[in-house]
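All residue numbers in this chain count up from 1 along the given sequence. Each ligand, and each atom within it, is numbered from 1 in the order the structure gives. Quick caveat: nothing in here was measured; it's all calculated off a predicted structure.
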Amino acid sequence: MIEKTLVLIKPDGVKRGLIGEILKRFEQRGLKLVGMKMVWIDKNFAKKHYSAHVKKGFYKNLEEFITSGPVVAMVIEGIHAVEIVRKIVGSTEPKSAEIGTIRADFAHVSYDYADKKGITIKNLIHASGTSEEAAIEINLWFKPEEIYDYKTAHEEHVF
Ligand code: CDP
Ligand code: MG
C-alpha cells in the first residue's frame, strides 16, 4: 500500500519561483520526499519520459516546453501515493482543475487557448498516472542510490 511516485516541477513552476509553494503541498499532507534533484533534460530524454505521447499532435509543443529550462524531479512516497499526489496536482487542464489543486491554484489556461496559440498546456507539474507508470518513470529519472530510506516524524504520527 505504501507507494512511490514521480513528480516533476516543470519549467514554468521553476521559473515562476513556485518550487517551495509546490513542495509545501506534498509535505503538509505527510508525504515523504525520498529523492530530489534539478535536471535540464534534452529532446532525447523527453521522448523517453513522454513515450506514450510522442505520436500525438501536442507532442512537439510539449517537448519544446519540457526542454526549455530545468525541472525539479522528485520521488514521493506515501500510502496510495500515486493517487494522492494526482489529487493534489489536479486534472491536466488548469481551467477545469478543482480549486485547491496545484494546477488550479497557480494556473488557469485552457486547452482551447493553448491549441489556438500553438503552445503546450503549462500546468506546472508532472505526476505519474498509475503505479506501473510510476515504476518506469522513477527508474528513468533516478538511480537506486539516489532514492533514500529514512524515517520521518510522520511515520510515527501520520502513517
Ligand atoms: O500531465 P497529465 O498526466 O495530467 O496529462 P497527459 O495527458 O499525460 O499529458 C502530458 C502533458 O502534455 C500535459 O500535462 C500537458 O502539459 C500536455 N498536453 C497538452 O499540452 N495538450 C493536450 N491536449 C494534452 C496534454
Ligand atoms: Mg500523464
Identify the protein atoms, limited to N or O, that lie within less than 3.5 Å of an N or O atom of ligand 1, and list each pair with its distance to 0.1 Å.
from     : atom 1 : to     : atom 2 : distance (Å)
ligand 1 : 1 (O)  : Arg103 : NH2    : 3.0
ligand 1 : 3 (O)  : Arg86  : NH1    : 2.9
ligand 1 : 3 (O)  : Arg86  : NH2    : 3.4
ligand 1 : 4 (O)  : Thr92  : OG1    : 2.5
ligand 1 : 4 (O)  : Arg103 : NH1    : 3.0
ligand 1 : 4 (O)  : Arg103 : NH2    : 3.4
ligand 1 : 5 (O)  : Thr92  : OG1    : 3.3
ligand 1 : 8 (O)  : His53  : NE2    : 2.8
ligand 1 : 9 (O)  : His53  : NE2    : 3.4
ligand 1 : 14 (O) : Lys10  : NZ     : 3.0
ligand 1 : 14 (O) : Asn123 : ND2    : 2.9
ligand 1 : 16 (O) : Lys10  : NZ     : 3.1
ligand 1 : 16 (O) : Ile121 : O      : 2.9
ligand 1 : 20 (O) : Thr120 : OG1    : 2.9
ligand 1 : 20 (O) : Ile121 : N      : 2.9

Exercise. Passes side chain to side chain donor-acceptor pair (under 3.5 Å), Ser128 versus Glu133? Steps please.
Worked result: CA-CA 6 Å; Ser128 309; Glu133 215 175 270; 5.3 Å; no
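- Note on Lys151 versus Glu156: no salt bridge recorded, every NZ/NE/NH1/NH2 to OD/OE distance being 4.0 Å or above.
- Applying the ring-ring contact (aromatic ring centres under 6.0 Å, His included) rule to Phe45 yields the partners Trp141; only residues at least two apart in sequence or on another chain are considered.
- Here Asp112 does not pair with Lys95 in a salt bridge; the nearest charged N to carboxylate O distance is not below 4.0 Å.
- Two residues are said to be in side-chain contact when any heavy atoms from C-beta on lie closer than 4.5 Å; Tyr113 and His108 fail this criterion.
- Residues Glu83 and Glu3 share a closest heavy-atom pair of N-OE1, 4.5 Å.
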